[in-house]
Amino acid sequence: MKTIQVNLGSRSYQIHVESGLMDRISSILSEENHGQKWIIISQHRLMELFGFNLMENLKHNGFNSDYITLPTGEAAKSLNEFSRIISQMIEMNCDRSTTILALGGGVVGDVAGFAAASFMRGIDYYQIPTSLLAMVDSSIGGKTGINIAEGKNLVGAIYQPKSVFVDPTLLESLPREEVISGLGEIIKYGAIQDNAFFSEISHALDNLESFSFEKAIYRSCEIKADIVSKDEYEEGLRRILNFGHTIGHALEAHFGYGKLRHGEAVSYGMICAGWISNQLGNLLKNDYQDLKVTIEKLPLPLLNKFDQNQILPFIKNDKKNMSGKLHFVILDGLGSASTTNDVSDDLILNSLKEIQ
Ligand SMILES: NC(=O)c1ccc[n+]([C@@H]2O[C@H](COP(=O)([O-])OP(=O)(O)OC[C@H]3O[C@@H](n4cnc5c(N)ncnc54)[C@H](O)[C@@H]3O)[C@@H](O)[C@H]2O)c1
Ligand SMILES: [Zn+2]
């Protein structure tokens, strides 16, 4: 088993990456079992695929376990679903010793993590990511939360899990578009932090069928763990993880959540941000071309024609939520990123031509 450390003092934890890990989780967690209730939070389909088996193993090893399911899609990240989880946990006689196992993609991880952060002022939880995006991104770093009518992720907490268990074999049932979405975030890690990894991924994408997920997941987790360890509360360095996200979020909001997946929108956002980096004189033309060619190796959905001016209000909204500062992430080279507050509306509008 390969293990990565997230160094956060008393909140430090490990990310375990191994094919077949799912079957060993209950024995690994045995030391943490003191007779408390263990609640798996997941979705119906994922319970059928992995959850019932996990619960069986837990029970077999003497755990007192139960489960709660959420609907699929962004709708699960709502105040309603959040309060339903809390009520169900009360009904199940959960208390401050109860431990949550978040089994699912980013949606499950975000809501279950927030339930853990708030239930009786905070209980332990573990992340068991099942989507590629959750394995390399959302399960690490402790960002938890839900959406409200006014916007995505506007309610939440930074609350770290006790461990993250990544079993790449779970990807076998993940729909192909979800895999592509996760690959977008993997390209991001190379682009912002590791030139050699970027080249490796770019090369590997030429033959997607034989892509080695375990290796790419491991390196991505290492990069995220390292950045989060240095800046847990996103006061500086952690912002570079948002490369491609300013425009990506705007595209996601414009086209509708669920229509364009997060990683797909971020992939388009990275092309725009790469172009802007070149216009600002930070990224060589060749490197921008390399970035664009690599992203275009992903079979992304074609974007319907859109009016560029409709995108700007979403970016302004993002900015408003960041106390008025944009913190736009640019590349200073492939494998090196920084942030700037100095990206004009015109530059953003022009960058959108690169993806139309
Ligand atoms: N907390 C963070 O740091 C962070 C970072 C990035 C994204 N996010 C959030 O993550 C969410 C997106 O996550 P996502 O892309 O994983 O989407 P998701 O959780 O909706 O999962 C995508 C779909 O795949 C299904 N699925 C998941 N694993 C499967 C498997 N192994 N086999 C078959 N089906 C499977 C899910 O049931 C779902 O229908 C967004 O809400 C986003 O805001 C959070
Ligand atoms: Zn992302």
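We count ligands from 1, going down the list as the structure has it; atoms in each ligand are counted the same way.
Using a 4.0 Å cut-off between a side-chain N of Lys or Arg and a carboxylate O of Asp or Glu, Glu32 and Lys162 do not qualify as a salt bridge. One finds a salt bridge joining Lys152 and Glu74 here, because a Lys/Arg side-chain nitrogen approaches an Asp/Glu carboxylate oxygen to under 4.0 Å. Arg11 and Glu232 are joined by a salt bridge, as a carboxylate oxygen and a charged side-chain nitrogen come within less than 4.0 angstrom of each other.
Inspection of the Tyr288 and Gln279 side chains reveals no N or O donor paired with an N or O acceptor under 3.5 Å. Looking only at atom types and distance, the side chain of Ser338 has a donor-acceptor partner in the side chain of Asp332 under 3.5 Å away.
Distances under 2.8 Å from the Zn ion (ligand 2) pick out the protein N/O/S atoms Glu185 OE2, His245 NE2, His262 NE2.
In this structure, the side-chain contact (heavy atoms from CB on, under 4.5 Å) partners of Ala191, at least two apart in sequence or on a different chain, are Phe198, Phe243, Leu291, Leu331. Every residue two or more places apart in sequence or in another chain that forms a side-chain contact (heavy atoms from CB on, under 4.5 Å) with Glu214 is listed here: Val17, Ser19, Pro168.
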Are there any N/O pairs under 3.5 Å between ligand 1 and the protein, and if so, what are their distances?
from: ligand 1; atom 1: 1 (N); to: Asp110; atom 2: OD1; distance (Å): 2.9
from: ligand 1; atom 1: 1 (N); to: Lys143; atom 2: O; distance (Å): 2.9
from: ligand 1; atom 1: 13 (O); to: Gly106; atom 2: N; distance (Å): 3.2
from: ligand 1; atom 1: 16 (O); to: Gly106; atom 2: N; distance (Å): 2.8
from: ligand 1; atom 1: 16 (O); to: Ser131; atom 2: OG; distance (Å): 2.6
from: ligand 1; atom 1: 19 (O); to: Gly106; atom 2: N; distance (Å): 3.1
from: ligand 1; atom 1: 19 (O); to: Val107; atom 2: N; distance (Å): 3.0
from: ligand 1; atom 1: 28 (N); to: Thr130; atom 2: O; distance (Å): 3.4
from: ligand 1; atom 1: 28 (N); to: Thr130; atom 2: OG1; distance (Å): 2.7
from: ligand 1; atom 1: 31 (N); to: Thr130; atom 2: O; distance (Å): 3.1
from: ligand 1; atom 1: 31 (N); to: Leu170; atom 2: O; distance (Å): 3.0
from: ligand 1; atom 1: 32 (N); to: Ser173; atom 2: O; distance (Å): 3.4
from: ligand 1; atom 1: 32 (N); to: Ser173; atom 2: OG; distance (Å): 2.8
from: ligand 1; atom 1: 37 (O); to: Gln43; atom 2: OE1; distance (Å): 2.6
from: ligand 1; atom 1: 41 (O); to: Glu74; atom 2: OE2; distance (Å): 2.5
from: ligand 1; atom 1: 41 (O); to: Lys77; atom 2: NZ; distance (Å): 2.9
from: ligand 1; atom 1: 43 (O); to: Lys77; atom 2: NZ; distance (Å): 3.1
from: ligand 1; atom 1: 43 (O); to: Lys152; atom 2: NZ; distance (Å): 2.9

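Between the CD atom in Gln193 and the NZ atom in Lys224 there is a gap of 13.0 Å [rounded to 0.5 Å]. Put simply, CG on Leu237 and NZ on Lys230 are 6.5 Å apart, with the number rounded to the nearest 0.5 Å.
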